[in-house]
There are 2 protein chains.
Amino acid sequence: MSVTIYDLAREAGVGIGTVSRCLNNHPSVSAETRAKVLEVIKRLSYQPHASAQRLASKKTNTISAIIPFFTNYFFIQVLQGVQDKAAEFGFDLILYGVNNTSQAEYYLRRSLHRGHVDGVMFFSMKLPESYVQKFQQIRLPLVLVDAYHPEFDSISVKNLEGATMATRHLLKLGHTNIAMINASLATQPARDRMEGYRIALEEADVPFRNDRVFISEIGKQDGFNREAGRASMEDLIGKNSGKDRVTAVFIASDVQSMGALEGAAELGVRVPEDLAIVSFDDIELAQHAQLTTMRQPMYEMGVLALEKLTTRMKNPDAPPSQTTFLPSLVVRRSCGARVPSEQLV
Amino acid sequence: MSVTIYDLAREAGVGIGTVSRCLNNHPSVSAETRAKVLEVIKRLSYQPHASAQRLASKKTNTISAIIPFFTNYFFIQVLQGVQDKAAEFGFDLILYGVNNTSQAEYYLRRSLHRGHVDGVMFFSMKLPESYVQKFQQIRLPLVLVDAYHPEFDSISVKNLEGATMATRHLLKLGHTNIAMINASLATQPARDRMEGYRIALEEADVPFRNDRVFISEIGKQDGFNREAGRASMEDLIGKNSGKDRVTAVFIASDVQSMGALEGAAELGVRVPEDLAIVSFDDIELAQHAQLTTMRQPMYEMGVLALEKLTTRMKNPDAPPSQTTFLPSLVVRRSCGARVPSEQLV
DNA sequence: TATATTCTTGGAAGCGCTTCCAATTATTCA
DNA sequence: TGAATAATTGGAAGCGCTTCCAAGAATATA
């Protein structure tokens with residue numbers, strides 16, 4: 001059938017052990033023998049059998065990434081970082097896109113199959129407690145991205161602090177009637193971002209008002225989507241009249257902002273003249289839409305995630321490491337701050 | 001160490017063959033025995049060893065997708081279709097994002113390793129001739145997406161016809177001075193779309209003029225990117241004066257259009273009042289930007305790609321099948337056609 | 001009841017590799 | 001020059017599974 005190391009060994013007049021050592025660049029092969037074997041490998045255009053290598057070596061050089069709604073721009077950009085770094089290390093990356101918790105668990109289980117992958121990256125979801133033990137038991141490296149658990153390596157962004165910075169920026173621009181458009185409070189980021197918003201307000205002695213938080217959970221991703229952003233904005237605008245009109249809004253994500261911008265345009269509300277906007281993420285589109293936003297270092301997070309995974313593989317017993325990034329304010333047009341145009345990014 | 005079928009067999013008091021048959025739902029196991037084995041499997045929380053299964057069964061249940069610049073929205077949407085269908089069939093999907101031909105070849109070679117994947121999807125690039133033979137020899141299923149080769153299954157879109165339709169639409173709206181913003185003519189889609197543009201013009205007795213085709217190859221992806229679109233638009237606007245001013249432009253892709261819109265806005269050119277735009281792809285953003293565009297059924301293409309791959313696995317000797325989609329015109333604001341707002345998509 | 005069928009079952013062989021150990025050969029040191 | 005050491009090498013064992021074949025058990029047939 002196809003060429004195996006036995007064929008190579010016979011053809012080169014050496015033992016299979018020697019052939020294997022040649023393939024794996026083991027040092028204890030004489031230059032002469034190595035040359036001979038390499039010649040035969042080339043001549044028979046030998047291809048090692050991946051499954052056999054994996055079975056024998058107990059390494060797969062494969063990792064899996066379990067990502068909710070991976071078509072979301074945020075994940076795409078993180079994924080780009082993961083992908084680039086994986087290529088550099090020679091890992092295959094299995095992409096598991098999931099739409100709900102039960103799918104996520106399915107792929108966690110699948111990743112736990114022995115001999116399937118050497119590591120797992122779990123994105124933006126709460127790790128079910130029942131898997132904590134399993135991962136520890138199998139000692140399968142796991143990195144949480146945009147999530148946290150004390151027992152595992154994790155990478156996340158300071159949502160609360162970021163939201164505070166965003167809101168402070170609006171306060172500094174003179175706004176006091178500041179609303180928030182949020183996603184489902186079932187998600188940690190939404191809770192943290194709201195808390196940050198509240199803190200900034202209270203720092204400035206502006207009372208937090210529940211009726212100024214607009215949440216829509218329509219569509220996918222717990223409301224982190226365009227339709228929900230649009231719905232919330234329409235809701236906001238519909239109720240926005242009277243003396244203490246809202247003049248600014250902090251939106252929990254850029255994706256929602258895209259929808260919110262549509263809604264505002266539709267209803268004739270000008271941004272930033274009538275309504276200033278600051279949002280969160282800095283996806284690629286934010287630049288196009290000229291959104292002032294809190295930048296998350298998405299690509300860098302992806303790179304770091306892969307690095308953490310490889311570090312963990314080499315050193316399974318190191319204590320879990322947690323890295324948090326502080327998002328940074330990127331000022332563009334939507335907040336109404338005057339920016340010299342050459343500073344616009 | 002970990003639990004193997006030998007442990008299961010011993011514990012359940014049966015042979016390893018029987019255990020294996022239970023695991024693979026082989027019919028010839030008595031209900032009684034099966035129950036007993038399943039109980040033990042559960043009790044010992046057995047996990048089959050993926051590599052061993054693959055080695056013995058010669059199946060990997062894995063496919064690879066080789067995609068240039070996968071963060072491009074076009075690919076993301078195709079990928080979503082692939083991903084959904086792969087999940088349905090129980091395939092693992094390895095994502096190989098590539099940035100140039102040599103990377104693409106590297107991953108083609110890698111995918112050809114025996115026992116690595118059961119099939120390959122190759123996106124939007126010309127398949128190097130040297131791999132034609134290799135794939136046929138190893139009989140590894142290969143599907144070309146947004147590309148074509150007579151020896152393999154392929155899925156593509158009629159770029160030429162689509163471009164003709166797009167240009168005709170502008171002609172029908174009364175424009176006669178119609179420019180085109182294109183990407184590198186090194187790519188087949190760019191050539192086809194330009195040819196379609198030319199055909200529509202000539203049909204209408206409007207002479208094709210080389211100085212009305214604006215091509216920028218800055219940035220990645222052979223000019224299919226935002227910066228290039230913006231540069232071309234700025235170039236166009238800079239030269240656009242006099243009696244036969246350009247009043248409409250056909251842009252080769254939505255991504256370029258996004259940049260073009262930015263450039264136009266920057267220079268105070270209103271779309272569609274001063275300049276009508278029709279472009280190509282219908283990525284998610286096109287809706288947000290209200291682009292009139294030629295819709296490619298991206299998700300459906302992804303789904304179909306996966307289906308073709310599985311069909312090919314079952315039937316390796318079928319003749320290659322080629323599927324082409326005709327893109328459809330989606331009318332939004334950027335072309336200036338009057339559309340009842342409830343018809344806007 | 002004896003024989004022919006059909007179900008079930010056990011386990012050896014084999015998938016193609018890595019690795020370890022023992023053996024052989026080459027080299028070094030006194 | 002001979003013993004000791006180091007560098008190479010061959011190949012058995014083992015990774016954990018699937019599958020095939022032969023055999024035993026159960027059922028059907030006459």
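Quick note on labels: first sequence line is chain A, next is B, and so on, each numbered from 1.
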Enquirer: Less than 3.5 Å apart, any donor N or O on the side chain of B:Tyr46 or B:Asp7 sitting next to an acceptor on the other?
Expert: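 Absent: no donor and acceptor within the cut-off.
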Enquirer: Output, in order, the C-alpha distance, side-chain angles, deciding distance and verdict of side-chain contact (heavy atoms from CB on, under 4.5 Å) for B:Ile94 and B:Tyr107.
Expert: CA-CA 11 Å; B:Ile94 296 180; B:Tyr107 288 117; over 6 Å; no
Enquirer: Looking at every strand, decide which applies to B:Thr33 at a 4.0 Å heavy-atom threshold: base, sugar-phosphate, or nothing.
Expert: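 It contacts sugar-phosphate atoms only.
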Enquirer: Ignoring backbone atoms, test whether B:Ser30 places a side-chain nitrogen or oxygen under 4.0 Å from the OP1 or OP2 oxygen of C:dT9.
Expert: yes
Enquirer: Tell me: CG of A:Asn61 to C1' of C:dC17, nearest whole Å?
Expert: 14 Å
Enquirer: Reckon A:Ser20 touches a base, only the sugar-phosphate, or nothing at all at heavy-atom distances under 4.0 Å?
Expert: base
Enquirer: Taking A:Ser20's backbone N and O only, do any of them form a donor-acceptor pair with A:Asn24's side chain (distance below 3.5 Å, no angle check)?
Expert: yes
Enquirer: Report all side-chain donor-acceptor pairs from residues 49-57 of chain A shorter than 3.5 Å, counting only partners two or more places apart or in another chain.
Expert:
| residue | atom | partner | partner atom | Å |
| --- | --- | --- | --- | --- |
| A:His49 | ND1 | A:Ser51 | N | 3.2 |
| A:His49 | ND1 | A:Ala52 | N | 3.3 |
| A:Ser51 | OG | B:Gly115 | O | 3.0 |
| A:Arg54 | NH2 | A:Thr60 | O | 3.4 |
| A:Arg54 | NH2 | A:Thr62 | OG1 | 3.3 |
| A:Ser57 | OG | A:Gln53 | O | 2.7 |
| A:Ser57 | OG | A:Lys59 | N | 3.3 |

Enquirer: Should B:Arg114 be listed as having a side-chain N or O under 4.0 Å from OP1 or OP2 of C:dC17?
Expert: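 It does, given that an N or O in the side chain of B:Arg114 lies less than 4.0 Å from OP1 or OP2 of C:dC17.
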Enquirer: Please state whether the phosphate of D:dT18, meaning OP1 or OP2, lies under 4.0 angstrom from any side-chain nitrogen or oxygen of B:Gln53.
Expert: yes
Enquirer: Given atom NE2 of A:His26 and atom C1' of C:dC20, what is their separation to the nearest angstrom?
Expert: 11 Å
Enquirer: Checking B:Asn72 side chain against B:Phe74 main chain: does a donor-acceptor pair fall under 3.5 Å?
Expert: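 Checking the backbone N and O of B:Phe74 against the side chain of B:Asn72, a donor-acceptor pair under 3.5 Å is found.
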Enquirer: Would you kindly give the CG-to-P distance between A:Asn25 and C:dT19, to the nearest whole Å?
Expert: 13 Å
Enquirer: How many Å lie between CZ on B:Arg54 and P on C:dC17, as a whole number?
Expert: 16 Å
Enquirer: Figure out the OH/P separation between B:Tyr46 and D:dG16, and round it to whole Å.
Expert: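 Rounding to the nearest Å, OH of B:Tyr46 and P of D:dG16 are 10 Å apart.
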Enquirer: Mapping A:Gln47 and B:Gly13 to their closest nucleotides on DNA chain C, which lands nearer the 5' end?
Expert: B:Gly13
Enquirer: Please list, for nucleotides 11-15 of chain C, all pairs of protein and nucleotide N/O atoms separated by less than 3.5 Å.
Expert:
| residue | atom | partner | partner atom | Å |
| --- | --- | --- | --- | --- |
| C:dG11 | N7 | B:Gly17 | N | 3.3 |
| C:dC15 | O3' | B:Lys58 | NZ | 3.1 |

Enquirer: Measure from NE2 on A:His113 to C1' on D:dG16 and round the result to the nearest Å.
Expert: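 A:His113 atom NE2 is separated from D:dG16 atom C1' by 14 Å.
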Enquirer: Could you walk me through whether A:Glu39 and A:Lys36 pass the salt bridge (Lys or Arg N to Asp or Glu O under 4.0 Å) test, one step at a time?
Expert: CA-CA 5 Å; A:Glu39 182 272 320; A:Lys36 191 167 55 183; over 6 Å; no
Enquirer: B:Glu32 CD to C:dT8 C1': how many Å, rounded?
Expert: 11 Å
Enquirer: If you look at every strand shown and take non-hydrogen atoms under 4.0 Å, does A:Ser28 touch a base, only sugar-phosphate, or nothing?
Expert: base
Enquirer: Round to the nearest Å and state the distance from A:Arg10 atom CZ to C:dG16 atom P.
Expert: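 Distance check: A:Arg10 CZ to C:dG16 P gives 13 Å.
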Enquirer: Under the side-chain hydrogen bond (donor to acceptor under 3.5 Å, both in side chains) criterion, do A:Lys308 and A:Thr323 qualify, and how do the steps go?
Expert: CA-CA 10 Å; A:Lys308 285 206 185 213; A:Thr323 303; 2.6 Å; yes
